[in-house]
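FYI, the numbering just counts along the sequence from 1.
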Amino acid sequence: MKVKKFHIFIVFLIISLMMMSSVSATCNIIVITDPSGDDPNGAAAGSMSFAENMFQSTFLMSKNNHFAVLSGGTGGSDTRLESVIEAVASLENNASAASAASIASKYKGARLVVGGPNIGAAIAGNYKAYVITVDDGTNDIKVAPYTSGVATLQPGQKGAIIHLRNTQGNPLYGSADNVRKETALNIGKMIRDGYSATTILSEAMGEVARDSGEKYGGGGVNLISGISTADMFTPKDMNLTGYAMDEEYSKVCDDCGWAIGFPAAENYDVCPVCGADIRTVHAYEALGSALTVSSNAVSVSVYGTDRPGVSSTTKEIVEASVAKYGYDASSIAGSINRGINNGLLMGVDHVEPKDINVKQGSKAVGVYYTALSGDRSSPVWDLPIDGNVLNILGSIQTAVGIILILLVVFRSRLLKSFQNR
């Protein structure tokens with residue numbers, strides 16, 4: 001069954017690549033801060049580029065075996081795809097990171113960056129990269145440049161690999177060499193200072209985006225916890241650029257957990273739920289938050305609707321509710337309904353506690369929505385007055401309104417008639 005699903009996925013990739021223009025990830029980063037695999041945020045990888053079509057096919061992750069394969073180079077899409085498939089197959093057969101990455105040399109113009117907490121990392125093919133290592137005992141940082149052969153970060157070693165080059169047409173073309181070196185040094189300092197791999201990846205991608213212009217997602221993966229940013233930053237349509245990682249992504253209230261993405265976020269200066277100040281989150285920061293596992297992290301699943309924004313907003317609301325009230329279905333339902341009433345969630349009906357599936361042991365919450373029919377964006381108001389009463393009141397108002405209009409229109413005639421009497 002697994003082989004069949006893999007074949008279906010590969011066929012989908014081939015069809016997609018045939019339909020879109022050639023694209024290559026120009027920035028590949030892999031960071032390993034905990035080679036033991038004990039830290040849930042101890043290994044991360046990501047890709048981005050100035051080019052179009054930064055879909056998740058630029059990095060493949062194995063949740064079971066905790067490795068990632070990131071592709072790029074100057075070759076065509078078919079070349080990169082073939083090299084990725086062969087690299088994944090070799091890793092599934094317990095090949096080393098160096099051996100899997102070296103497959104890129106068989107394909108003209110291809111580049112492969114391969115790694116995971118258990119196997120270290122390696123880069124080969126068409127690349128310009130730095131390998132960063134940090135000594136556990138002395139905290140010494142070593143940053144070494146490589147442009148050919150197979151460059152490796154040995155298993156059991158804290159460190160990172162960063163590849164970066166500029167895309168033709170990028171206004172900051174020519175900046176890659178300097179930015180690659182500076183970002184490598186900063187990655188080394190953050191590893192030495194004890195930051196998690198997911199945080200380091202986030203900060204590095206922000207720095208590369210700002211300073212080199214290779215900024216469109218792409219996205220990232222948490223290799224130990226098996227979390228991906230999925231389509232958070234990838235383009236919605238083919239032959240378009242993804243979300244710029246240095247641009248504003250959302251506004252967040254740290255007091256109650258409310259959040260909303262741009263461009264809708266432009267309409268808010270304070271939190272509409274609790275009135276507190278809100279902060280602006282850039283895309284690279286959102287990437288770090290999405291990949292980083294915390295002690296109070298909640299896995300939220302949404303069912304019953306595919307309306308854009310509902311899933312992400314529900315996740316924010318549920319996380320805030322759990323942090324404040326715990327894993328209580330009634331409290332979560334109340335928080336979601338307040339979000340619906342405030343216009344944060346649209347196109348879904350109010351929920352009840354029975355619509356909330358709580359599994360506290362696994363820190364998971366499932367929310368079952370009923371989508372509203374037609375073009376309705378919000379539920380019918382739940383008023384303490386019967387609808388027929390409102391209809392009668394409306395009729396009375398209409399009658400009174402007609403009388404007032406007649407009085408205004410015929411006021412001179414009525415006044416004259418009254419004076420004559």
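- Legend: residues meeting salt bridge (Lys or Arg N to Asp or Glu O under 4.0 Å) with D177, ordered by chain and number and at least two apart, are R180.
- From S83, atom OG reaches atom NZ of K108 across 15.0 Å, with rounding to the nearest 0.5 Å.
- Across every non-hydrogen atom of L223 and M61, the tightest pair is CD2-CG, 4.1 Å.
- Judged by distance alone, the side chain of N178 and the main-chain N or O of S175 form no donor-acceptor pair under 3.5 Å.
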Determine whether N126 and R165 satisfy the following criterion, side chain to side chain contact (heavy atoms under 4.5 Å, CB included), listing intermediate values before the conclusion.
CA-CA 11 Å; N126 190 309; R165 61 161 52 106; 2.9 Å; yes
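- Between P272 and N342 there is no side-chain heavy-atom pair separated by less than 4.5 Å.
- Looking only at distances, a side-chain donor or acceptor of S62 sits under 3.5 Å from a matching main-chain atom of N65.
- Considering only heavy atoms from C-beta on, I336 comes within 4.5 Å of I356 through its side chain.
- The distance from atom CG of L81 to atom OG of S71, rounded to the nearest 0.5 Å, is 8.5 Å.
- Distance check, rounded to the nearest 0.5 Å: OG1 of T370 to OH of Y303 gives 15.0 Å.
- The number of heavy-atom neighbours closer than 6.0 Å to CG of D306, taken from other residues, nucleotides and ligands shown, is 12 or below.
- E214 places a side-chain N or O within 3.5 Å of a backbone atom of T167 that can act as its donor or acceptor partner.
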Before you tell me yes or no, could you show the steps for L112 and V84 under side chain to side chain contact (heavy atoms under 4.5 Å, CB included), namely the whole-Å CA-CA distance, both residues' side-chain angles and the distance that decides it to 0.1 Å?
CA-CA 7 Å; L112 290 174; V84 167; 4.0 Å; yes
For T183 and D211, what are the C-alpha separation, side-chain angles and deciding distance, and is it a side chain to side chain contact (heavy atoms under 4.5 Å, CB included)?
CA-CA 10 Å; T183 306; D211 298 342; 5.8 Å; no
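- Taking every heavy atom of both residues into account, A244 and A283 meet most closely at O-CB, 3.5 Å.
- K315 meets the salt bridge (Lys or Arg N to Asp or Glu O under 4.0 Å) test with E319; sequence neighbours excluded.
- Not a single donor-acceptor pair under 3.5 Å links the side chain of S212 to the backbone N or O of A176.
- No donor-acceptor pair under 3.5 Å is formed between the side chain of D39 and the backbone N or O of S196.
- In this structure, N222 contributes its side chain and L291 its backbone to a donor-acceptor pair below 3.5 Å.
- Between the side chain of S335 and the backbone N or O of S331 there is at least one donor-acceptor pair closer than 3.5 Å.
- Across all their heavy atoms, A45 and L201 have their closest contact at O-CD2, 3.4 Å.
- Nearest heavy-atom pair, P353 versus S330, reported as atom, atom and distance to 0.1 Å: CG-OG, 3.6 Å.
- When side chains are defined from C-beta on, V365 counts as touching Y327, because their heavy atoms get closer than 4.5 Å.
- For the side chain to side chain contact (heavy atoms under 4.5 Å, CB included) with I162, the qualifying choice from N28, N186, I29 is I29, the only one to do so.
- Between the side chain of S105 and the main chain of S102, a donor-acceptor pair closer than 3.5 Å is present.
- Minimum heavy-atom separation, P145 to V143: CD-O, 4.0 Å.
- Environment of CZ in F262: crowded, with over 12 heavy atoms of neighbouring residues, nucleotides or ligands closer than 6.0 Å.
- Taking the side chain as every heavy atom from C-beta outward, V367 and D355 never approach each other to under 4.5 Å.
- We find the OG1-CG distance between T133 and L153 to be 7.5 Å, quoted to the nearest 0.5 Å.
- By the salt bridge (Lys or Arg N to Asp or Glu O under 4.0 Å) test, R279 is found to be paired with D254, residues two or more places apart in sequence or in another chain being considered.
- Judged by distance alone, with hydrogens and angles left aside, the side-chain atoms of S96 form a donor-acceptor pair with the main-chain N or O of S99 at under 3.5 Å.
- Formation of a donor-acceptor pair under 3.5 Å by the T313 side chain with backbone atoms of G309 is found in this model.
- Interatomic distance, CD1 of I187 versus OG1 of T33, reported as 12.0 Å (0.5 Å rounding).
- Inter-residue side-chain proximity for I260 and I278 is flagged as unmet; no heavy-atom pair is nearer than 4.5 Å.
- Screening residues 146-164 for side chain to side chain donor-acceptor pair (under 3.5 Å), with sequence neighbours left out, gives R111-H163, D136-K158, T152-Q154.
- In this structure, F233 has its ring center under 6.0 Å from that of Y249.
- Contacts of E285 classified as side chain to side chain contact (heavy atoms under 4.5 Å, CB included), with partners at least two apart in sequence or in another chain: V281, H282.
- Looking only at side-chain heavy atoms (C-beta outward), Y284 and R210 come within less than 4.5 Å of each other.
- The ring pair (Phe, Tyr, Trp, His ring centres under 6.0 Å) pairs that include a residue from residues 100-129 number zero, where partners must be two or more places apart or lie in different chains.
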Derivation and outcome, side chain to side chain contact (heavy atoms under 4.5 Å, CB included), residues K106 and E82
CA-CA 10 Å; K106 296 167 54 178; E82 290 173 14; over 6 Å; no
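- Counting heavy atoms from C-beta outward, K128 and L164 have side chains that stay 4.5 Å or more apart.
- Side-chain contact between Y216 and E247: absent, with no pair of heavy atoms (C-beta onward) separated by less than 4.5 Å.
- Closest approach of S202 to G288, counting heavy atoms only: CB-CA, 3.7 Å.
- Separation of atoms OH (Y325) and CD1 (I332) is listed at 11.5 Å; rounding is to 0.5 Å.
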